[in-house]
> 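This is the structure I have questions about; it appears just below.
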Amino acid sequence: MKNKHKDTNSPAAVYAAGVFLNRLLGRIDALVSVVIIVFMATLVVVVSTQVVLRYIFNSSLDWAWEVSRLCFVALIFFAIPLALKIRGHVGIDILQNLLPPLFQRGLIIGLNVVGIFLMMVVTVVGTRATMSTWNQTLSSLPLSSGWFYVPLLWAGFHCSLHFASQSLDLALGGELPSSFVEEVKESMKS
């Protein structure tokens, strides 16, 4: 992919705020990647154990459903910002591709600002939902049901950082994102 963010190649890296944001995001992304691996491993072990216990030993774990559900929710919401970082999300860029580069840059920055606002709303709402359900416990585990909302509020905050980083890069003259169709065409030529 042409426009992966790299700390040293990013135009934002020239400026102190860009350097700080890129390094911070690099560390956060690395940590979140480890968290995703842990949740995925836990999900696989718990579900596999549950299947073996249920179908071979005619028994089951009472807490397997809630742990696997929590792991699945966490996997999704922790992975969303990582997909956003590499622009791996679904996007419709027909209108964007019809615009001249300067207007494309402005459109993307404007949409990223809207994205930051919406992700901050998600973070605030997620925080309120977490706090309002924190006193409720899960039926089979001594855990708060508020833990189901923690990945949501984290995803909102983490996505906001990626939107800000991408906007800063574009505002400082960074490369416009290429469309998937353009990348496929280029790869077919070579």
Side-chain angles (χ1 to χ4, degrees), residues 5 7 12 17-92 108-168:
H5 286 264
D7 288 352
V19 169
F20 174 76
L21 186 56
N22 284 339
R23 286 184 182 160
L24 176 67
L25 272 173
R27 290 184 179 134
I28 289 172
D29 291 343
L31 179 63
V32 167
S33 296
V34 171
V35 169
I36 288 171
I37 291 168
V38 169
F39 277 119
M40 187 66 188
T42 304
L43 180 63
V44 168
V45 168
V46 169
V47 170
S48 298
T49 303
Q50 179 70 347
V51 167
V52 168
L53 286 174
R54 181 170 287 171
Y55 291 105
I56 295 177
F57 298 106
N58 202 21
S59 178
S60 69
L61 302 170
D62 295 337
W63 48 267
W65 166 249
E66 288 179 336
V67 169
S68 61
R69 193 169 49 131
L70 181 59
C71 286
F72 186 72
V73 167
L75 276 170
I76 298 300
F77 285 106
F78 279 107
I80 288 171
L82 298 181
L84 182 64
K85 173 185 181 178
I86 61 168
R87 289 174 166 70
H89 53 81
V90 174
I92 300 172
I108 294 170
I109 291 171
L111 291 174
N112 281 351
V113 169
V114 171
I116 291 170
F117 172 75
L118 292 174
M119 290 298 107
M120 292 285 57
V121 168
V122 166
T123 303
V124 169
V125 170
T127 303
R128 288 181 181 164
T130 302
M131 291 188 311
S132 71
T133 60
W134 200 257
N135 293 332
Q136 302 170 11
T137 57
L138 299 174
S139 60
S140 64
L141 290 171
L143 288 176
S144 167
S145 62
W147 282 108
F148 280 96
Y149 295 101
V150 171
L152 172 69
L153 65 95
W154 174 257
F157 174 72
H158 194 177
C159 284
S160 295
L161 292 177
H162 279 294
F163 279 132
S165 174
Q166 291 172 5
S167 295
L168 186 58

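This one's a predicted model, so the numbers in the text were calculated from it and none came from an experiment.
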> With a cut-off of 6.0 Å (strictly less than), are more than 12 heavy atoms of other residues, nucleotides or ligands near CE of Met40?
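No.
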> Just verifying a value: how many Å separate Leu168 CG and Ile109 CD1, rounded to the nearest 0.5 Å?
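Here the rounded value is 9.0 Å.
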> Within this structure, what is the NZ-NE2 distance for the pair Lys85 and His158, rounded to the nearest 0.5 Å?
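Taking NZ in Lys85 and NE2 in His158, the distance rounds to 8.0 Å.
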> Verify, without hydrogens or angle tests, whether Ser33 (side chain) and Asp29 (backbone) share a donor-acceptor contact under 3.5 angstrom.
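Between the backbone of Asp29 and the side chain of Ser33 there is a qualifying donor-acceptor contact (under 3.5 Å).
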> Atom CG of Leu53 and atom CG of Asn58: how far apart are they, to the nearest 0.5 Å?
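Output value for this atom pair is 10.5 Å.
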> Heavy-atom distance under 4.5 Å between the side chains of Val124 and Arg128, does that happen here?
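Heavy-atom side-chain distance check passes, below 4.5 Å.
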> Mind listing the closest non-hydrogen atom pair of Cys71 and Thr42 along with its distance?
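Nearest pair, atom of Cys71 first, then Thr42: SG-CG2, 3.7 Å.
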> Which heavy atom of Ser165 sits nearest a heavy atom of Asn22, and at what distance?
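Smallest heavy-atom distance, with atoms named: OG-OD1, 3.3 Å.
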> Could you give me the CA-CA distance, side-chain angles and deciding distance for Leu138 and Trp63, then say whether side-chain contact (heavy atoms from CB on, under 4.5 Å) is met?
CA-CA 9 Å; Leu138 299 174; Trp63 48 267; over 6 Å; no
> How long is the straight-line distance from OG1 of Thr130 back to CG of Leu153, given to the nearest 0.5 Å?
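Between Leu153 CG and Thr130 OG1, I get 4.5 Å after rounding to 0.5 Å.
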> Give me the atom names and distance for the closest heavy-atom approach of Pro81 to His162.
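Residues Pro81 and His162, closest heavy atoms: O-CD2, 3.5 Å.
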> What is the minimum heavy-atom distance between Met119 and Gly156, and which atoms define it?
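Heavy atoms only, the tightest pair is CB-O, 3.2 Å.
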> Can you name the nearest heavy-atom pair linking Thr123 to Phe157, along with the distance?
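Residues Thr123 and Phe157, closest heavy atoms: OG1-N, 2.9 Å.
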> Between CG of Asn135 and OG of Ser145, what distance do you get to the nearest 0.5 Å?
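One gets 9.0 Å once the value is rounded to the nearest 0.5 Å.
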> Mark yes or no for whether Gln166, through its side chain, and Ile108, through its backbone, hold a donor-acceptor pair below 3.5 Å.
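No: the side chain of Gln166 does not pair with the backbone of Ile108.
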> Identify the two heavy atoms, one from Val73 and one from Phe148, that lie closest to each other, and give their separation to 0.1 Å.
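Looking at all heavy atoms of both residues, the closest pair is CG1-O, 3.7 Å.
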> Tell me every residue that passes side chain to side chain donor-acceptor pair (under 3.5 Å) with Ser68, counting only those two or more places apart in sequence or in another chain.
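Per chain and number, Ser68 pairs via side chain to side chain donor-acceptor pair (under 3.5 Å) with no residue.
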> Among Trp154, Phe77, Trp134, exactly one meets ring pair (Phe, Tyr, Trp, His ring centres under 6.0 Å) together with Trp147. Which residue is that?
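The single option meeting the ring pair (Phe, Tyr, Trp, His ring centres under 6.0 Å) with Trp147 is Trp134.
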> So Leu82 and Ile36, do their side chains get closer than 4.5 Å, heavy atoms only?
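A side-chain contact exists here, since the closest heavy-atom pair is under 4.5 Å.
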> Using 30° and 60° as the class limits, which term best fits the ring planes of Phe78 and Phe39: parallel, tilted or perpendicular?
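Taking Phe39 first and then Phe78, their aromatic rings lie parallel (interplane angle under 30°).
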> Atom CD of Glu66 and atom CG of Leu61: how far apart are they, to the nearest 0.5 Å?
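Here the rounded value is 12.5 Å.
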